[in-house]
Amino acid sequence: MIELSPRFNFKEVDEKWSRYWEEQNLFHAAVNPAKKPYTIVIPPPNVTGILHMGHALNNTLQDIMIRYKRMCGFEVLWMPGTDHAGIATQNVVERQIAKEGKTRHDIGREEFLTRLWAWKEEYGDTIIRQLKKMGASCDWPRTRFTMDEDYSMAVRAGFVSLYKKGLIYRGEYIINWCPRCLTALSDEEAEHREIQGNLYYIRYPFQGNAREYITVATTRPETMLGDTAVAVNPKDKRFKNFVGKTLLLPLAEREIPIIADPLVDSKFGTGAVKVTPAHDPNDFEMGRRHHLEFISVMHPNAVLNEKAGEFEGMDRFEARESVVETLTELKLLEKVEPHTHAVGHCYRCHTVVEPYLSRQWFVKMKPLAKPAREAVKTGKIKFYPPRWTKVYLNWMDNIRDWCISRQIWWGHRIPVWYCVGDGHCQLACKEPIVSETPPKACPHCGSSNLKQDEDVVDTWFSSWLWPFATLHWPETNKDLEYFYPTASLFTAPEIIFFWVARMIMAGMEFMGDIPFSDVYIHGTVRDTKGRKMSKSLGNAIDPLEIIHEYGADALRFSLIINSGQDLFISKEKFEIGRNFANKIWNASRLILLRVDRPNADFAIEKINRKELDLPSRWIISRFFSTRDKVSSAIERYRFSEAESLIYDFFWGNFCDWYLEIIKDSWHEAGVQQIALGVFENTLKMTHPFMPFVTEEIWSQFRKEKGALCVQAWPASNKKCINKKAEEDMQTMIDLIASIRHTRTQWSIAPSERLRCHFVVRSPEDRALLETNRGILMNLGRLGDIRIDEKWTPVKDAALIHAGSIQCAIPLAEIIDVEKEKKRIWNQIKDQEKALEGLARRLQNKDFLRKAPQEIVEKEKSRLTDLEVKVGELKRSIGRLE
RNA sequence: GGACUCAUAGCUCAGUUGGUUAGAGCGUCGCCCUCACAUGGCGAAGGCCGUAGGUUCAAGUCCUACUGAGUCCACCA
């Protein structure tokens, strides 16, 4: 027999079972025509990642669903894997190299990539190991990586396919540029944050008349050397006569025209705006419309270039101050106003993003968005909670083209080659060669002097293929056919645009079908002050530390019970999970250490229900109603609700009452059978939430049935749900609670046995008390009970009631009759108040006419109940005299 | 500027499509180390359901406005 200590030894147990599950390959999924598939693809964590609370929550949710569906008989595939995380990973290795005093350019692309792969080999599956510790039941041998050989093939295939359809193009536009990472970013990768800045009012004098000027307002004076116009709104009367005239750009002493463009808001600033087409997306638009010159005044690292004249060599922020200073000296700075505005920041390094003119690859999004939008609009894909639908649709409706090229080295290199050629086919060779595999020669001139595009694609351009590329698309195969589309996707709200929306687009485009039918968006893990948990804030709680101190089950349970919305987590919150695991453990000790025939068949559905006593009927009924509610909650993605149901049932019903009751009838026929049957099924029901403790206990008495994680989920059994039994038992519980309350109130020693005089109004009540006499005696610690149909005088007694049963507990010598009377009077007052309201309602004609009949009936019977109760109380109080 | 979420016990939250006297956990206060569990047991105290209107026979629940907290989106430089 395994050691059964009063403490659940999670350390040994966690380790033992995660090893066992993996060794037995119990989570492997294979095409099985006899079963329905159920697939979830894991949101692939970054290879740079280490497990944080967000991962813990995300993966626990998935694991609950996966384990539940597996037990329900689906062929379950939980596809694991990791994401190469282009910029993030490159940054890590760049920092490593920086310690050696080198940059990636010093060691070269090839060597740098070797270093990156080496890093990935060493650290890349850290998070996978951590997920296993949490009990995640993925099909681990399938673990994929977004830069696996055939996954890379899928990325190239996707690129080529879109290019051939004209949905990928290359061009020079203003994009978000990170001057630190030295790469382009997509719009989503630029995080907007409010910045306290200034609005500078600068005078631009007219050409030939330095005393006349137009004042423009700008937040970024450092870009003014790149100005090629000043724009006003065409409807703005103030400037009507100036349009077409020429100004002299200060500092540069360059002539620039005044143009009229509807983009200008005449209410903002002075109504006149400097136009810098190479440094602002709006200005870029205007520049195109008015055929302005595009002057870029910055190097890629945001240091001003030779176009900036005297400011060359300065960093952009340094240059801003310097420009302002110079303008002040020239008396061209009219005023400075504080101004808060949203500024884009690199989502990887938080550097302020520079709107930068450069040549990049883009995906045309509108054609892809259309079917993706429809899939959600028509309900083929549903969001849980549904409010995210609107967020998604709104993004789809305002979609803009996606800049997918990145000037980094870690990633999928763009599958495009340019003919450097021999010179004589220059024209034809301007057409790039787009191909899944490296071309041997230029199709136009035959030259083999080809050069591949230096850039790689956005990481999300690979992860948007995740639901099918993990199943080896574009190859067709049985797995892909069987497991795609997947069932549900679990993710955080901030990933909706990056990933969810794009996966839907990719699914529709490449597979012609939705990638998943449900999207469950869970809350964000925060600290108790509501701040997002992050390493840099130092407020993060390490899930591994929780696993170490409280166990994986405790981590899982505690997270999920708090997961109704955003989670506000402190370390103490994990105690609830630890305590619950320990409670389950100790309940198992009680049962397993006492059971005589552990191997008998204890299936509760086979038990003859008619002959059962009340506690048995009650616990069986409670189990099956809980089971149905838990199933329904899981199906509706209400995981915290499911956990509360299990917690309340197991602790509040099974342990607090049922186990206490059967302690005294342990050897009676059928008792152990029911206790074990309910316990066994409760373990199954709890397993998806707390896999370790349940599997361990299971193995102690159900080993011959195989592992718990592959058992069948308890079947629903409506016949076992017995409302009457639940009500009767509730009456018993209420009576016992009242007796206990009386004990506490009058400070009666636990050893003192009390007498109870029950007064019943029906033979049913009498039968209830008589058949459950033992329970009352034991749990109420009674010495004797008496059951009457009518009140007989009882001197100096405490009065209690439950359901339609009244009870007097004689407490001569102890009781303060006046105090007890006052207590009862207070009760009567409360009841009368309710009675009054009820009576008033029942006299209301509108209520009688308009309310549903069943409600009226219910209220009527409630009224009589209350009247009787008040009458009883009033009469009983007389007995105290 | 637009959209969204939240506001219920000291704290963290439940509260299904409106329908008994609004619940739980933690914390607090009593009493118990009773032979599964002190990570436990029993009991108690604690709420004008953010404010003001409205709809309804009936509102914590639906509508409007306001206040406070938070999130996302956005090309007013």
Side-chain angles (χ1 to χ4, degrees), chain A residues 4 6-8 174 192 199-200 216-220 223 231 263-269 272-276 280-285 339 341-342 355 385 387-388 390-391 394-395 398 400 493-494 496-497 524 526 528 530 550 554 561-562 564-570 572-573 575-594 632 636 638 640-641 644 647-648 652 655-656 659-660 663 736-737 740-745 747 749-751 779 830-831 833-834 837-838 841 844-852 854-856 858-859 861-863 865-866:
Chain A
L4 288 177
R7 283 283 170 277
F8 169 49
I174 295 270
H192 289 268
L199 196 55
Y200 301 89
V216 299
T218 179
T219 54
R220 307 198 51 204
T223 64
L263 212 56
V264 179
D265 176 0
S266 41
K267 286 193 280 295
F268 186 87
V273 57
K274 69 194 233 2
V275 181
T276 323
D280 182 279
N282 287 325
D283 297 4
F284 178 81
E285 290 290 315
H339 179 69
H341 58 142
R387 67 166 182 273
W388 296 106
K390 205 172 166 185
V391 175
N394 185 51
W395 187 76
N398 297 295
R400 285 179 295 161
E494 60 264 29
I496 293 176
F497 307 137
T524 308
R526 301 172 184 283
T528 44
Y550 295 136
I561 202 139
N562 284 295
Q565 42 185 246
D566 278 6
L567 301 84
F568 300 89
I569 295 296
S570 60
E572 303 82 65
K573 293 227 169 161
E575 287 174 6
I576 188 172
R578 176 198 62 178
N579 295 356
F580 189 44
N582 197 240
K583 189 73 181 178
I584 299 173
W585 176 252
N586 276 295
S588 83
R589 291 211 311 146
L590 172 74
I591 296 169
L592 299 180
L593 289 174
R594 290 183 181 211
S632 149
R636 289 177 295 128
R638 318 248 322 202
S640 60
E641 189 181 318
S644 305
Y647 185 90
D648 291 345
C655 293
D656 285 352
L659 289 183
E660 291 303 328
K663 269 180 184 171
I736 291 162
R740 285 169 172 169
H741 170 66
T742 305
R743 270 184 186 285
T744 311
Q745 185 161 31
S747 311
S751 55
L779 300 188
D830 284 353
Q831 306 276 354
K833 220 160 124 193
L838 205 55
R841 190 183 303 178
N844 186 325
K845 281 177 195 149
D846 284 330
F847 173 71
L848 294 172
R849 208 171 53 231
K850 291 180 184 167
E854 58 190 84
I855 298 286
V856 176
K858 228 170 158 181
E859 298 286 62
S861 70
R862 224 182 101 217
L863 185 81
D865 279 356
L866 271 175

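In the text below, chain A, chain B and the rest are named by the order of the sequence lines, each starting its count at 1.
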Dot-bracket line, read 5' to 3' along RNA chain B, where crossing pairs take [ ] and | marks a partner on another strand, Watson-Crick or G-U under 3.5 Å: (((((((..((((.....[...)))).(((((.......))))).....(((((..]....))))))))))))....

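- In this structure, F847(A) and I855(A) have side chains that are in contact, with non-hydrogen atoms separated by less than 4.5 Å.
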Would V856(A) and L848(A) satisfy side chain to side chain contact (heavy atoms under 4.5 Å, CB included), going step by step from the backbone distance to the final call? CA-CA 7 Å; V856(A) 176; L848(A) 294 172; 3.8 Å; yes

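- Under the salt bridge (Lys or Arg N to Asp or Glu O under 4.0 Å) criterion, R638(A) pairs with E641(A), not counting sequence neighbours.
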Pairs: protein N or O with nucleotides 33-37 of chain B N or O, under 3.5 Å:
{"residue": "A36(B)", "atom": "OP2", "partner": "R594(A)", "partner atom": "NH2", "Å": "2.8"}
{"residue": "A36(B)", "atom": "O3'", "partner": "R589(A)", "partner atom": "NH2", "Å": "2.9"}
{"residue": "A36(B)", "atom": "O2'", "partner": "N586(A)", "partner atom": "OD1", "Å": "2.5"}
{"residue": "A36(B)", "atom": "O2'", "partner": "R589(A)", "partner atom": "NE", "Å": "3.1"}
{"residue": "A36(B)", "atom": "O2'", "partner": "R589(A)", "partner atom": "NH2", "Å": "2.7"}
{"residue": "A36(B)", "atom": "N7", "partner": "K663(A)", "partner atom": "NZ", "Å": "3.4"}
{"residue": "A36(B)", "atom": "N6", "partner": "E660(A)", "partner atom": "OE2", "Å": "3.0"}
{"residue": "A36(B)", "atom": "N3", "partner": "N586(A)", "partner atom": "O", "Å": "3.0"}
{"residue": "A36(B)", "atom": "N3", "partner": "A587(A)", "partner atom": "N", "Å": "3.4"}
{"residue": "C37(B)", "atom": "O4'", "partner": "N586(A)", "partner atom": "OD1", "Å": "3.0"}
{"residue": "C37(B)", "atom": "O4'", "partner": "N586(A)", "partner atom": "ND2", "Å": "3.3"}
{"residue": "C37(B)", "atom": "O2'", "partner": "N582(A)", "partner atom": "OD1", "Å": "3.4"}
{"residue": "C37(B)", "atom": "O2", "partner": "K583(A)", "partner atom": "NZ", "Å": "3.0"}
{"residue": "C37(B)", "atom": "N3", "partner": "K583(A)", "partner atom": "NZ", "Å": "2.9"}

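- Per the geometry, OH belonging to Y550(A) stands 11 Å off P belonging to U39(B), to the nearest Å.
- The closest side-chain heavy-atom distance from I591(A) to L659(A) is below 4.5 Å.
- Between I174(A) and P281(A) there is a side-chain heavy-atom pair separated by less than 4.5 Å.
- Rounded to an integer number of Å, the gap from W388(A) CH2 to A3(B) C1' is 11 Å.
- Partners of R220(A) according to the salt bridge (Lys or Arg N to Asp or Glu O under 4.0 Å) rule, which considers only residues two or more places apart in sequence or in another chain, are E222(A), E354(A).
- Atom CD1 in I496(A) sits about 10 Å away from atom P in C73(B), given to the nearest Å.
- Without hydrogens or angle criteria, N586(A) side chain to N582(A) main chain gives a donor-acceptor distance under 3.5 Å.
- Every residue two or more places apart in sequence or in another chain that forms a salt bridge (Lys or Arg N to Asp or Glu O under 4.0 Å) with R526(A) is listed here: D566(A).
- R387(A) is linked by a salt bridge (Lys or Arg N to Asp or Glu O under 4.0 Å) to nothing, counting only residues two or more places apart in sequence or in another chain.
- When the C1' atom is compared between A59(B) and U17(B), the two are found 14 Å apart, to the nearest whole Å.
- Atoms CG (L779(A)) and C1' (C32(B)) sit 16 Å apart, rounded to a whole Å.
- OP1 or OP2 of C42(B) has not a single side-chain nitrogen or oxygen of H741(A) nearer than 4.0 Å.
- U51(B) and C57(B) are spaced 25 Å apart, taking the P atom of each and rounding to whole Å.
- Taking atom C1' in both C62(B) and U71(B), one finds a spacing of 25 Å when rounded to whole Å.
- At least one side-chain heavy atom of S644(A) sits under 4.5 Å from a side-chain heavy atom of I561(A).
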Could you write out each protein N or O paired with an N or O of nucleotides 75-77 of chain B at a distance under 3.5 Å?
{"residue": "C75(B)", "atom": "OP1", "partner": "R400(A)", "partner atom": "NH1", "Å": "2.6"}
{"residue": "C75(B)", "atom": "OP1", "partner": "R400(A)", "partner atom": "NH2", "Å": "2.8"}
{"residue": "C75(B)", "atom": "O2'", "partner": "N282(A)", "partner atom": "ND2", "Å": "2.3"}
{"residue": "C75(B)", "atom": "N1", "partner": "N282(A)", "partner atom": "OD1", "Å": "3.3"}
{"residue": "C75(B)", "atom": "O2", "partner": "N282(A)", "partner atom": "OD1", "Å": "2.4"}
{"residue": "C75(B)", "atom": "O2", "partner": "N282(A)", "partner atom": "ND2", "Å": "3.3"}
{"residue": "C76(B)", "atom": "O2", "partner": "D265(A)", "partner atom": "OD2", "Å": "2.5"}
{"residue": "A77(B)", "atom": "OP2", "partner": "H339(A)", "partner atom": "NE2", "Å": "3.3"}
{"residue": "A77(B)", "atom": "N6", "partner": "D265(A)", "partner atom": "O", "Å": "2.6"}
{"residue": "A77(B)", "atom": "N1", "partner": "D265(A)", "partner atom": "N", "Å": "3.3"}

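- In this structure the side chain of H341(A) never reaches within 4.5 angstrom of the side chain of L199(A), judged on heavy atoms.
- When the C1' atom is compared between G60(B) and U16(B), the two are found 14 Å apart, to the nearest whole Å.
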Reading nucleotides 13-29 of chain B from 5' to 3' and marking B where a protein heavy atom lies under 4.0 Å of the base, S where only the sugar-phosphate is that close, and - otherwise, the string is SSS---BBB---S----

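- Remark: the separation of the P atoms in C13(B) and C75(B) is 33 Å, to the nearest Å.
- Nucleotides C26(B) and A36(B), compared at atom C1', are 24 Å apart to the nearest Å.
- Taking R862(A) as the reference, L838(A), E859(A) meet the side-chain contact (heavy atoms from CB on, under 4.5 Å) condition, with sequence neighbours excluded.
- Between the NZ atom of K390(A) and the C1' atom of A3(B) there is a distance of 6 Å, given to the nearest Å.
- In this structure, E494(A) and N844(A) both approach RNA chain B, and ranking their closest nucleotides by distance from the 5' end singles out N844(A).
- Nucleotides U56(B) and C73(B) have their P atoms positioned 41 Å apart, rounded to a whole Å.
- To the nearest whole angstrom, the two C1' atoms, one in A9(B) and one in G50(B), are 15 Å apart.
- Nucleic acid contact for F497(A): sugar-phosphate only, since backbone atoms but no base atoms lie under 4.0 Å from a heavy atom of the residue.
- By the ring-ring contact (aromatic ring centres under 6.0 Å, His included) test, W395(A) is found to be paired with F497(A), residues two or more places apart in sequence or in another chain being considered.
- Y647(A) is linked by a side-chain contact (heavy atoms from CB on, under 4.5 Å) to F557(A), I576(A), F580(A), W651(A), counting only residues two or more places apart in sequence or in another chain.
- Remark: P of A59(B) and CG of D846(A) are 13 Å apart, rounded to the nearest angstrom.
- With sequence neighbours excluded, the residues that form a side-chain contact (heavy atoms from CB on, under 4.5 Å) with R740(A) are W657(A), I736(A), L779(A).
- Among the heavy atoms of the strands lying under 4.0 Å from R578(A) is at least one base atom, whether or not backbone atoms are also near.
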